[in-house]
2 protein chains.
Amino acid sequence: MQVLHKEDFIQNISYDSVIFGFNGKQLKILVLEYHNTGLFALPGGFVRKDESLDEAVKKGVKERTGLDHIYLEQFQTFGNLTRSDPSVMKRILEENNLDLDVHDWLLDRFISISYYALINYDKVTPVPDALSDSISWYAIDELPALMMDHNQIVNRALQVLRNNLEKKLVGMNLLPSKFTMKQLQKVYEVVLGEELRRTTFQRRILGMNMLERHEKLFQGTAHKAPYLYSFKLEQD
Amino acid sequence: MQVLHKEDFIQNISYDSVIFGFNGKQLKILVLEYHNTGLFALPGGFVRKDESLDEAVKKGVKERTGLDHIYLEQFQTFGNLTRSDPSVMKRILEENNLDLDVHDWLLDRFISISYYALINYDKVTPVPDALSDSISWYAIDELPALMMDHNQIVNRALQVLRNNLEKKLVGMNLLPSKFTMKQLQKVYEVVLGEELRRTTFQRRILGMNMLERHEKLFQGTAHKAPYLYSFKLEQD
DNA sequence: TATTATTGTCTCAATTTGTGACAATAATAT
DNA sequence: ATATTATTGTCACAAATTGAGACAATAATA
């Protein structure tokens, strides 16, 4: 088990990440389960004294997903005194046979900077961190109880994601590079949590002039084949 | 001169605040000037180990403005390695005759959580902090060069403020409790940085059903007197 | 060759927004 | 008293956007 040396990290600072993926039907996020504790948590970590905040988070998300060049956005910093719970942290350290003296700094109070990531579900190979049994996808509306304020962090991430749906091209990061109009509509629907009207959606999206049309996709289904689209790199 | 004892504060963490006020014509922010250095900066501070992040910021903004119960919103955390500049910080400490040994932790790298505040310009009595000569209002488009990345922080605050203009009732916090439609329109115009059409604006705002109409305001001017409005506390 | 489900597009209605017009009015000038 | 002036509140109509349904095109299957 690797040791987290106090002198390498900024004290009282951590980050948490809400990593969104889309399996074609549901919006999901990655959740860790700690060894022998029944405790669920968001992937997170600490910031080294000699690295920038963004670097630290990018590195951490890459370790959990295997993916580089990910869409990452910082959305809120949580700094309550009550959010940290030393007894929970102590239990996690004990169950992992970590030296409590060396890691006492982890029992302290933490201010956590939260990020969300959007990733292509099919390209991810989730890897648990050193303290965890597993890392798995959970549908956003079927989450287990998470430790500390992590459920609150997820809710906030969702709010911000909804808000950014139009201007930040959320779909671009959750879909493969070529996709049908129906797939894109489904992304909008699961993020917004409501159904959208097909014709209006199609007209609106095409009207934005952000999509490029490609060849048709023959799915082997008994109906008209849809076009494939990709996002234009240059907006005109 | 008061001493900032290292053991009282979380290390490597600071906050900065962009305090917006509206004088009826321009959007302004409060800027500090440090003793004998020609250095300008945003009001900021540090977080004590036994206080929440929000408390720390609230307290700091109150000290600079004299105002309690202020509209405060966190908008971004800045964590680059390059944003901190020990040589600048050293100069400020020296010019204030502060013991460099006791305050060496201030020369370290800082991650800063940024907030913006909206306040009623006429009710503020700006008070410089211990290290500063002055604290003054500067129009948002006539800012001096600020130290470190503070100009960048202001720009980001403005972006977020524009984004929140509709949903967060920005006007409510920048205006007195009763105001004319023209005053409200002016707030929208200076925040957005563009002129708005009077009739469309009035119809849109009234259509939101968020304003209450009161008596007319007789200004002693040679034309029809406008109504006064206030924001409804309860949205229907 | 008919059937089926889905897609792309069109049309018309409903709603929202842009733009100008106009009467009402609070002080001032005549 | 009366006309003048600048601004306000509201209306009317045009333009643009969105809602809702209709319909032909079509890729596989019966």
Side-chain angles (χ1 to χ4, degrees), chain A residues 22 24-25 162-163 165-167 170-171 175-232 235-236, chain B residues 22 24-25 162-163 165-167 170-171 175-232 235-236:
Chain A
F22 176 66
K25 290 180 183 168
R162 279 180 188 147
N163 239 301
L165 190 55
E166 298 305 326
K167 42 187 182 305
V170 169
L175 289 171
S177 61
K178 287 186 183 179
F179 49 87
T180 65
M181 192 59 71
K182 191 176 192 107
Q183 285 178 293
L184 183 60
Q185 184 177 341
K186 192 71 189 169
V187 170
Y188 272 68
E189 289 179 336
V190 297
V191 170
L192 291 176
E194 61 178 325
E195 305 218 323
L196 299 174
R197 185 162 278 269
R198 184 178 65 91
T199 51
T200 309
F201 179 78
Q202 182 138 345
R203 181 175 50 192
R204 214 185 71 211
I205 296 289
L206 289 179
M208 287 177 187
N209 201 18
M210 52 179 24
L211 295 187
E212 205 154 354
R213 182 177 279 184
H214 300 282
E215 73 282 11
K216 289 192 173 188
L217 170 65
F218 296 84
Q219 298 164 300
T221 50
H223 56 74
K224 187 172 176 179
Y227 286 107
L228 285 172
Y229 296 90
S230 66
F231 287 98
K232 279 186 190 170
Q235 244 64 258
D236 54 314
Chain B
F22 176 65
K25 292 182 182 167
R162 280 180 188 149
N163 240 301
L165 190 56
E166 298 306 325
K167 42 186 183 305
V170 168
L175 288 171
S177 60
K178 288 185 182 180
F179 49 86
T180 65
M181 191 59 72
K182 192 178 189 102
Q183 284 178 293
L184 182 61
Q185 183 178 339
K186 192 71 190 168
V187 170
Y188 272 67
E189 288 180 336
V190 295
V191 170
L192 292 176
E194 60 178 327
E195 305 218 323
L196 300 175
R197 187 163 277 266
R198 185 178 64 91
T199 51
T200 309
F201 179 78
Q202 181 138 341
R203 181 174 52 192
R204 213 185 72 211
I205 296 289
L206 289 178
M208 288 177 186
N209 200 20
M210 52 178 24
L211 295 186
E212 207 154 354
R213 180 177 281 183
H214 301 281
E215 72 283 11
K216 290 192 172 186
L217 169 65
F218 295 85
Q219 298 164 301
T221 50
H223 55 75
K224 189 172 175 178
Y227 287 106
L228 285 172
Y229 296 89
S230 66
F231 288 98
K232 280 186 190 173
Q235 243 65 256
D236 54 317

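Here is how names work: the chains are called A, B, and so on, in the same order as the sequence lines, proteins then strands, and each is numbered from 1.
- In this structure, A:Leu228 and A:Ala222 both approach DNA chain C, and ranking their closest nucleotides by distance from the 5' end singles out A:Ala222.
- Below the 3.5 angstrom threshold, one finds a donor paired with an acceptor across the side chain of A:Arg203 and the base of D:dG19.
- If you check every strand for non-hydrogen atoms under 4.0 Å, A:Thr199 touches a base.
- Straight-line distance from the CZ atom of A:Arg204 to the P atom of C:dC10: 19 Å, rounded to whole Å.
- Nearest to the side chain of A:Gln202, among C:dT9, C:dT17, D:dA27, sits C:dT9.
- Aromatic ring pairs are classed by plane angle as parallel below 30°, tilted from 30° to 60° and perpendicular above 60°; the pair A:Tyr188 and A:Phe201 is perpendicular.
- With distances taken from any side-chain atom of B:Lys182 to the nucleotides D:dT10, C:dT19, D:dT8, the minimum falls on D:dT8.
- Distance, A:Gln219 CD to C:dT6 P: 10 Å, rounded to whole Å.
- Evaluation of atom-type donor-acceptor distances gives a pair under 3.5 Å for the side chain of B:Arg198 against the base of D:dG9.
- With C:dA26, D:dA27, C:dG8 as the choices, the nucleotide that has an atom nearest any side-chain atom of A:His223 turns out to be D:dA27.
- If you check distances only, the side chain of B:Lys224 never reaches the base of D:dT7 with a donor-acceptor pair under 3.5 Å.
- When each of A:Phe218 and A:Thr200 is assigned the nucleotide of DNA chain D bearing its nearest heavy atom, the one mapping closer to the 5' terminus is A:Thr200.
- Considering only side-chain N and O atoms, A:Arg197 lies nowhere under 4.0 angstrom from the phosphate OP1 or OP2 of D:dG19.
- Looking at A:Glu166 and A:Arg204, a side-chain N of the basic residue comes within less than 4.0 Å of a carboxylate O on the acidic one, giving a salt bridge.
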